[in-house]
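Down below is the structure, laid out as structure tokens.
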There are 2 protein chains.
Amino acid sequence: METMKRTVTCGDLRKADAGKTVILNGWVHRKRDHGGISFINLRDRYGVTQVVVDADAAESLKRIADELHNEYCIAVEGTVRPRPDSMVNPEMNTGEIEVVAKNLVILSRCEVLPFQIEEKSDAKEDLRLKYRYLDLRSGGMQKRIKLRNDVTFAVREWMQAHGFYEIETPTFIKSTPEGARDYLVPSRLYPGKFYALPQSPQLYKQILMVAGFDKYFQIARCYRDEDARGDRQPEFTQIDIEMSFVSREDVLTMIEGLFGYVFKKTLGITLPERFRRISYDDAMELYGSDKPDLRFAMEMQDFAPYVADSTFQAFKDALSNGEAERKAAAAKGVTIPGGGVKALVVPGKADYSRKQIDELEGAAKIYKAKGMAWMKVVAGADGKATLEGGASKFFLPAADGSGAPADLAGRIIQGLGAKVGDLILMVADSKRKIANVALGAVRSKLGKDLGLCDPKRFEFAWIIDFPMFEFNEEENHWEAAHHMFTWPQEKYHATMETDPGSVKGDLYDLVLNGFELASGSIRIHDPELQKKVFKIVGFNPEDAEKKFGFLTEAFKYGAPPHGGIAPGLDRLVMLMAGETSIKEVIAFPKNSFAVSPMDDCPSEVDQKQLDELHLIIKYPEKKE
Amino acid sequence: METMKRTVTCGDLRKADAGKTVILNGWVHRKRDHGGISFINLRDRYGVTQVVVDADAAESLKRIADELHNEYCIAVEGTVRPRPDSMVNPEMNTGEIEVVAKNLVILSRCEVLPFQIEEKSDAKEDLRLKYRYLDLRSGGMQKRIKLRNDVTFAVREWMQAHGFYEIETPTFIKSTPEGARDYLVPSRLYPGKFYALPQSPQLYKQILMVAGFDKYFQIARCYRDEDARGDRQPEFTQIDIEMSFVSREDVLTMIEGLFGYVFKKTLGITLPERFRRISYDDAMELYGSDKPDLRFAMEMQDFAPYVADSTFQAFKDALSNGEAERKAAAAKGVTIPGGGVKALVVPGKADYSRKQIDELEGAAKIYKAKGMAWMKVVAGADGKATLEGGASKFFLPAADGSGAPADLAGRIIQGLGAKVGDLILMVADSKRKIANVALGAVRSKLGKDLGLCDPKRFEFAWIIDFPMFEFNEEENHWEAAHHMFTWPQEKYHATMETDPGSVKGDLYDLVLNGFELASGSIRIHDPELQKKVFKIVGFNPEDAEKKFGFLTEAFKYGAPPHGGIAPGLDRLVMLMAGETSIKEVIAFPKNSFAVSPMDDCPSEVDQKQLDELHLIIKYPEKKE
């Protein structure tokens with residue numbers, strides 16, 4: 001690369017450069033011949049420049065031009081010439097000029113392409129992944145990989161400016177049977193022993209707090225051996241963060257500062273200085289989800305106040321059964337909510353067809369709802385709004401004067417803030433959570449169906465005040481709702497053991513557009529408090545020593561109060577790029593079956609490798 | 001952490017803060033009681049502040065102060081008070097003030113420490129690693145981890161400012177039998193199949209060039225399953241770099257810019273704008289090493305010109321045997337150097353004892369020298385410098401007028417530039433490389449013995465023009481001296497197949513103070529040239545397809561000329577910190593046996609995990 005090395009990139013040249021002699025290196029993006037002239041769009045990472053082989057060019061030059069096909073890598077020496085006004089291309093940065101070739105060298109040739117390189121490829125995923133080096137040449141992938149680079153560096157800039165050290169933690173750690181499945185690495189030196197790859201640097205970042213590093217972050221690779229499903233990858237990347245001597249608000253404020261900087265710098269978008277905080281209970285009541293999409297409101301409302309006056313036995317049963325269950329649990333010292341009847345007003349959708357409503361009910365049933373009731377708000381004979389269709393008969397007086405009170409429909413419509421033309425959807429269940437989650441699923445589907453989810457809008461929120469413990473009714477004992485190392489909020493410390501069901505933990509999730517983007521917590525740093533939590537969930541402290549030995553050991557040597565969070569980088573960049581799969585923002589992802597079609601891994605290895613690792617493969621009996 | 005949360009850090013307070021009420025959080029670094037007053041040195045990442053519990057403090061406060069021991073984590077509320085002039089400590093940033101405690105809270109206690117937390121611990125390595133969270137609290141480890149953070153970020157700043165994208169490559173890749181041993185990750189979904197962890201992102205960074213990313217870097221974790229030896233770690237970190245459309249000088253210049261920025265920003269040291277370039281041949285001739293320590297000169301010299309006139313048969317044999325070997329090889333078309341006799345002048349060390357000289361000879365013998373000759377430069381009876389002792393008799397006339405010519409000693413002394421009081425060391429061998437390497441080892445030992453290796457000096461150099469091929473005399477064929485993908489320098493392309501022994505490749509090593517800090521090359525991007533190289537080393541192209549399938553495949557689709565380099569981050573930071581082990585700059589290293597004493601990995605795993613991975617352990621027959 002000594003002789004025809006570029007003097008400018010394909011994005012550099014402007015009208016002011018006219019007359020200069022330049023060398024360009026790049027790929028033939030498009031080529032067309034017109035009236036004996038060859039027009040070559042030459043592309044590199046920086047842009048596209050039009051190269052012209054004139055009709056009166058030397059024959060040797062024309063012969064080379066004739067040889068060129070798309071994606072040939074070439075070097076061009078030539079003179080910059082302004083384009084005639086009629087030929088100026090305002091969509092190209094270099095659209096005012098072209099380069100008249102004097103010398104052309106083919107640096108390397110390109111075989112027939114398996115798919116065309118477009119802004120957005122429509123090739124099948126496995127083909128794109130097999131030829132990822134070609135897929136990555138597309139404008140879309142180039143932009144997204146650049147965005148990922150920009151986001152990652154902006155994160156680091158902000159973290160460094162705010163006193164965080166980036167500290168590398170090991171990827172060869174001890175396997176612990178908690179959580180998801182570990183990926184294992186067999187040891188050659190120690191037969192029968194294994195390293196595990198980290199599901200996250202969780203224990204290590206807490207150790208770094210014990211070590212006094214005060215503020216830590218790391219853009220860390222994590223590994224989870226989960227079943228191939230949805231948009232999972234065997235390896236993923238998170239922005240791992242931990243801080244000492246902090247309370248929840250410190251962590252939340254820090255993340256707001258970080259994300260504000262990153263969105264402004266990379267997308268030019270100003271986020272609110274403070275994201276709204278929604279308690280877990282409110283999120284469940286209003287959106288039926290702990291990761292609500294807040295790009296649209298459509299909040300769920302409590303329909304219970306209208307049930308007693310109605311003739312809807314199913315709703316009445318849901319509430320009374322729920323109340324009975326609540327009392328039975330209370331008698332055992334377990335606090336649970338009773339039943340619930342929740343409603344959703346869908347503005348202007350009284351014209352939804354039965355089929356559309358059935359589809360919405362389908363969404364509710366996936367989340368265990370027994371059914372979904374509906375009714376429409378219409379103008380009555382007296383011109384006032386009233387209910388019609390579906391379950392409306394239970395909320396209206398019958399012709400014989402029996403049935404619901406005459407004013408109930410009006411009270412409902414007013415209470416829910418509904419208007420003529422609206423559709424009302426309702427779900428009831430003796431378990432309030434089921435009513436919430438099922439109707440929440442309907443809300444989510446409506447958001448998508450009604451086009452309320454603009455990918456260019458970014459609606460962040462914090463979900464806070466998560467319950468610490470959940471009662472496992474089948475096994476009749478308390479469990480940690482998230483994990484056992486979360487700090488129970490101080491006001492519950494005294495009553496924690498007598499009323500675990502009421503305890504809120506200092507957990508927090510950052511949600512964005514219906515995705516959980518980050519999860520974190522203040523950790524327990526006090527070995528005595530930790531013991532109490534273990535006791536509540538029936539966890540043997542000796543098992544803790546065995547499983548988390550070095551962390552519980554470390555906590556004996558002056559552990560500071562600390563907490564942290566870990567936003568997922570892949571998902572963050574995916575949402576920022578307006579994409580729906582993290583594969584679009586990872587340079588070399590595996591496919592949905594944890595396979596890389598490019599290098600065909602995982603693959604079989606040599607017998608020698610297995611012998612060295614002291615391993616024998618035990619193939620399943622039913623081999624395909 | 002709501003109530004006694006710090007308002008300042010332990011490094012913040014100055015005289016101007018006198019009178020303020022503050023809260024500090026930190027660790028009890030030292031505590032002493034003097035005349036009823038308790039003095040507590042409170043430490044956090046930012047510094048140390050003296051906290052005082054006065055003699056007239058409340059009893060409750062004194063009781064808590066009495067309870068405190070080293071490394072208790074506490075919160076202190078108090079008033080800033082200037083110290084009396086006699087008590088000012090100029091070695092502490094906060095030495096002008098103290099904080100008079102009004103309120104003390106123990107955040108967490110500390111058990112008896114396994115070792116004292118000092119600036120530099122003298123505890124045994126495994127104990128330091130077992131309690132790494134305590135070891136990391138030492139001033140030395142805190143500084144080094146910060147330096148690593150600072151270096152890493154400075155690298156990223158410079159790379160981003162110069163148009164490099166940081167792109168994450170996968171850590172689950174295909175195992176290839178080339179190079180060192182891969183660490184493997186068994187696949188649960190595909191019985192008998194494995195992922196490999198990358199020894200480096202080499203293939204992927206080349207793929208990124210084919211994909212058109214033009215300038216790539218990544219601070220990348222790499223994995224090599226080598227035998228535990230010396231200062232190796234199973235996982236290590238490198239600054240992985242690749243560029244398109246570049247020649248060797250572009251890569252070298254880029255690294256000079258990067259390192260100049262990093263050293264200036266993090267250590268305040270100005271490096272030369274351009275590092276010296278030394279050909280591999282010169283490095284071997286002058287220093288007997290391709291990673292010479294250039295903090296001292298002491299270059300080796302050619303002693304061959306003085307051999308013919310001498311009576312030293314061993315030296316004569318080395319040269320004549322070497323010449324015979326060279327001719328025999330040339331007859332087979334193989335270019336090799338002949339024999340060599342090399343000398344080293346050690347200034348002022350004519351007083352070295354026989355024992356000291358024997359030790360130096362020991363170093364030479366490790367590198368296959370048959371022996372090391374020596375003589376001293378002394379003032380003769382006529383006042384002129386002459387030779388004495390050791391091998392000097394072979395270079396002096398005998399009493400009977402036989403022996404060497406009378407002027408030989410003077411020619412040697414003048415030719416080598418030696419002075420009275422110097423020691424001359426010589427190694428001869430029929431293989432010139434052995435003479436060079438063995439005497440080079442002596443030179444290295446002398447550098448250390450004579451204290452010429454100041455850890456605060458940084459002497460960089462590029463070693464360039466490495467040979468492409470090496471003749472394997474035992475197996476009678478050519479081998480790639482480094483690897484098969486290195487670009488042979490253009491001037492050798494025509495004669496490459498007829499005279500492989502003369503070909504220099506565009507490889508380059510960056511050396512610093514006797515360490516190889518980075519290795520890189522311009523790569524072959526032309527499939528035809530690659531085939532020629534494969535042919536010379538007798539490598540079956542079909543094997544290449546099998547082993548590097550996706551890279552050779554990718555090169556069919558318009559690969560750009562490209563090259564790169566990969567400085568080792570651990571070693572770089574180690575040298576910058578003036579340390580001699582990379583463990584001192586890694587937060588959580590394994591010990592020399594690839595074991596982590598803190599979490600005790602590698603470890604055995606559950607039978608269920610083995611079953612899921614379709615693995616059976618085959619323990620070696622002789623179990624200890």
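Chain naming here is simple, since letters A, B, ... match the order of the sequence lines and numbering starts at 1 in each.
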Please classify the contact between [X] and chain B as side chain, backbone, both or neither, with a heavy-atom cut-off of under 4.5 Å.
X	answer
A:Q233	neither
A:R148	side chain
A:E604	both
A:Q160	side chain
A:K590	side chain
A:F164	backbone
A:S187	side chain

Sequence-distant partners of B:Y165, side-chain hydrogen bond (donor to acceptor under 3.5 Å, both in side chains), two or more places apart: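 With neighbours one apart ignored, the set is A:R45.
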Centroid-centroid under 6.0 Å between B:Y223 and A:F172 rings: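 Yes; A:F172 has its ring centre under 6.0 Å from that of B:Y223.
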Pair A:F550 and B:Y133, ring centroids less than 6.0 Å apart: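 No.
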Inter-residue atom distance B:M243.CE - B:D214.CG, 0.5 Å rounding: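 Atom-to-atom, B:M243:CE and B:D214:CG are 8.5 Å apart.
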Heavy-atom closest pair, residues A:D600 and B:K174: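 Looking at all heavy atoms of both residues, the closest pair is O-NZ, 3.8 Å.
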